[in-house]
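What follows is a set of notes on a single structure, which appears directly below.
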Amino acid sequence: MRYLPHSEADREAMLATIGVGSIDDLFSDIPANLRVHGLDLPRAAGELSVERTLGRLAAKNVPASSVPFFVGAGAYKHHVPATVDHLIQRSEFLTSYTPYQPEITQGTLQYLFEFQTQVAHLTGMEVANASMYDGSTATAEAVLMAHRVTRRKKAVLSGGLHPHYRAVVETTSAMASDTVEALPADPGATEDILARIDADTSCVVVQSPSVYGHLIDLAPIAARAHEVGALLVAVVTEVVSLGLVESPGAQGADIVVGEGQSIGNALSFGGPYVGLFAARAKHVRQMPGRLCGETVDAEGRRGFVLTLSTREQHIRRDKATSNICTNSGLCALAFTIHMTLLGETGLVRLARINHANAVKLAESIGEVSGVTLLNDSFFNEFTLRLPANAADIVEKLAAKGILGGVPVSRLEPGNADLANLLLVASTEVNTDEDRAAFVAALKEVLA
């Protein structure tokens, strides 16, 4: 069945207009060995037959909740209270969309205002927006914002920044002809990033905890950046860490971005997630996305408004600060509900449990011969150097019913120096039995 009602002549005319000879030419950037030239599917099948086939395929997966799970690297398995899902599935939340008529969407504006308030408190910043798509695109937007503020075009990226975040920044920067100086992978937290900050630097982007789990002291980096008129962009992929770690704002960051998935949002096979974005108030007019505000109406009653919406659909395109066309509203609401349930005391307790569980796991792994812990400090995730290829070890662990972490080689393919490194996370969902099973299986597969 054709889903596009164009004739052959229509298609030929369109191809001629854009200057290609065939539809296949549109995929020339994809290596030939990666292209699919047809699927081996029956021409027709009954609904029950399709369900059975898809069910068999799905059964090949190992659900995160079915086995001991120690995977992190930017997406973390946390407990999401049933209250969160119950509330976000109410029809007034589930079916509402973006506030194109903000004055009559008071409920949406209020929860976005609460979300902003929580993000500002967590990050130690003065103002936060009403969410981004995810942490990686928020990071790229932060770099673009720093360029606008400083009127410079060079970003310095720490070697501890998540490689996927780095790739999104590089892609976005390439489209804008901006310069990106990405430092080499830094699993040992030994880089001298201060030496890379100069008078041409717009911003320095540092993740803490880093992708390798190291806690980074942001204060000296912020001081050096400010000496030369640059901005510090702090990245947080594990937002639960802010329950214990000093906020980036308190350490001098100018822009704080991150991934909010850890609070209120399940892993969900990689999305949808919710990007966090906060900044100093003096930079508010250069922030991307929306900003909700609080006011009073003509009768003095509390109300909410769309204070800023500097995107291309609302103002002239050449004046827009972002091409963000919507927000992760439902995920932001889930974040806000969970954070409200936790409160400050609950968040601190949750963070303490995460850290304690990771410490227990690290101490237990110390009993495994040939395995080295690379971290002097960490929150709930750390890096191990194994005596064998980490990707192979992970497959062997999976065969034993243990999802044992993320091989760094999956994030940094082609770097042989990182082939034996494994990222391991332990959150509040892991039990003592889980950790014991992981250590026992690791000893066995390394024997």
Side-chain angles (χ1 to χ4, degrees), residues 96-151 172 176 202-203 231-236 239 247-249 253-260 273-298 301-333 335-336 339:
S96 63
Y97 187 54
T98 192
Y100 284 119
Q101 296 176 294
E103 67 280 0
I104 63 172
T105 56
Q106 286 294 295
T108 298
L109 290 180
Q110 181 173 358
Y111 83 68
L112 290 176
F113 179 82
E114 301 295 346
F115 170 82
Q116 292 172 177
T117 304
Q118 291 170 337
V119 172
H121 280 308
L122 279 171
T123 58
M125 302 304 284
E126 297 161 336
V127 62
N129 74 8
S131 89
M132 308 292 283
Y133 292 134
D134 56 29
S136 63
T137 51
T139 303
E141 290 281 358
V143 170
L144 296 178
M145 175 178 162
H147 293 341
R148 294 192 296 271
V149 171
T150 63
R151 300 184 184 276
T172 304
S202 161
C203 62
L231 304 183
L232 170 60
V233 177
V235 180
V236 181
V239 69
S247 71
D254 300 284
I255 304 172
V256 182
V257 295
E259 176 53 66
Y273 288 170
V274 54
L276 312 180
F277 197 112
R280 300 293 178 189
K282 62 183 178 181
H283 302 315
V284 66
R285 289 196 173 275
Q286 294 299 333
M287 286 180 65
R290 296 186 180 86
L291 187 71
C292 298
E294 184 181 24
T295 187
V296 293
D297 65 13
R301 296 175 300 186
R302 186 187 190 209
F304 300 91
V305 293
L306 196 57
T307 304
L308 289 175
S309 190
T310 50
R311 63 185 200 140
E312 87 295 342
Q313 292 183 358
H314 289 279
I315 63 176
R316 290 175 297 174
R317 290 177 184 270
D318 60 329
K319 299 295 184 182
T321 58
S322 171
N323 192 43
I324 290 289
C325 294
T326 182
N327 60 25
S328 299
L330 201 64
C331 296
L333 176 61
F335 178 103
T336 294
M339 184 59 67

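Bear in mind the structure is a predicted one, so any value in this text is a computation, not a measurement.
- Partners of Thr108 under the side chain to side chain donor-acceptor pair (under 3.5 Å) rule, at least two apart in sequence or in another chain, do not exist in this structure.
- The minimum heavy-atom distance between Val274 and Ser131, with the atom names listed, is CG2-CB, 3.8 Å.
- Every residue two or more places apart in sequence or in another chain was checked for a side chain to side chain donor-acceptor pair (under 3.5 Å) with Glu114, and none qualifies.
- For Ser136, the side chain to side chain donor-acceptor pair (under 3.5 Å) partners at least two apart in sequence or on another chain are Asp134.
- Considering every non-hydrogen atom in both Ala279 and Met145, the closest pair reads CB-CE, 3.9 Å.
- The backbone N or O of Thr150 sits nowhere less than 3.5 Å from a side-chain atom of Ser202 that would complete a donor-acceptor pair.
- Heavy-atom minimum distance, Leu276 versus Val239: CD1-CG2, 3.8 Å.
- The NZ atom of Lys282 sits 8.5 Å away from atom CD of Glu126, with the distance rounded to the nearest 0.5 Å.
- In this structure, the side chain to side chain contact (heavy atoms under 4.5 Å, CB included) partners of Ala278, at least two apart in sequence or on a different chain, are Val119, Thr123, Met125, Ala128.
- Not counting sequence neighbours, the partners of Ser247 by the side chain to side chain contact (heavy atoms under 4.5 Å, CB included) test are Ala250.
- Listed for the Glu259 side chain is no donor-acceptor partner under 3.5 Å among the backbone atoms of Val236.
- Taking NE2 of His147 as the reference point, atom CD of Gln286 lies at 12.5 Å (rounded to 0.5 Å).
- Classification of the Phe304-Phe113 ring pair by plane angle, with boundaries at 30° and 60°, yields tilted.
- When side chains are defined from C-beta on, Cys292 counts as touching Leu306, because their heavy atoms get closer than 4.5 Å.
- Judged as a side chain to side chain contact (heavy atoms under 4.5 Å, CB included), and not counting sequence neighbours, the contacts of Val127 are Val284, Met287, Leu291.
- In this structure, Arg151 has no salt bridge (Lys or Arg N to Asp or Glu O under 4.0 Å) partners at least two apart in sequence or on a different chain.
- Residues passing the side chain to side chain contact (heavy atoms under 4.5 Å, CB included) test with Thr172 are Ala140, Leu144, Val168, sequence neighbours excluded.
- Not counting sequence neighbours, the partners of Glu294 by the side chain to side chain donor-acceptor pair (under 3.5 Å) test are Arg302.
- Ser328 and Met132 make their closest contact through OG-O, 3.1 Å (heavy atoms, listed as atom of the first residue, atom of the second, distance).
- The distance from the NE2 atom of His121 to the CE atom of Met339 is 11.0 Å, given to the nearest 0.5 Å.
- For the ring pair (Phe, Tyr, Trp, His ring centres under 6.0 Å) test, no residue two or more places apart in sequence or in another chain qualifies with Tyr273.
- Rounding to the nearest 0.5 angstrom, the gap separating the CG atom in Leu308 from the CG atom in Asn129 is 10.5 Å.
- In this structure, Val233 and Val257 approach most closely via the heavy-atom pair CG1-CG2, 4.2 Å.
- Contact of the Leu112 side chain with the Arg290 side chain is not registered, since no non-hydrogen atoms from C-beta on lie closer than 4.5 Å.
- Proximity of a side-chain donor or acceptor of Asp297 to a complementary backbone N or O of Gly303 within less than 3.5 Å is not detected.
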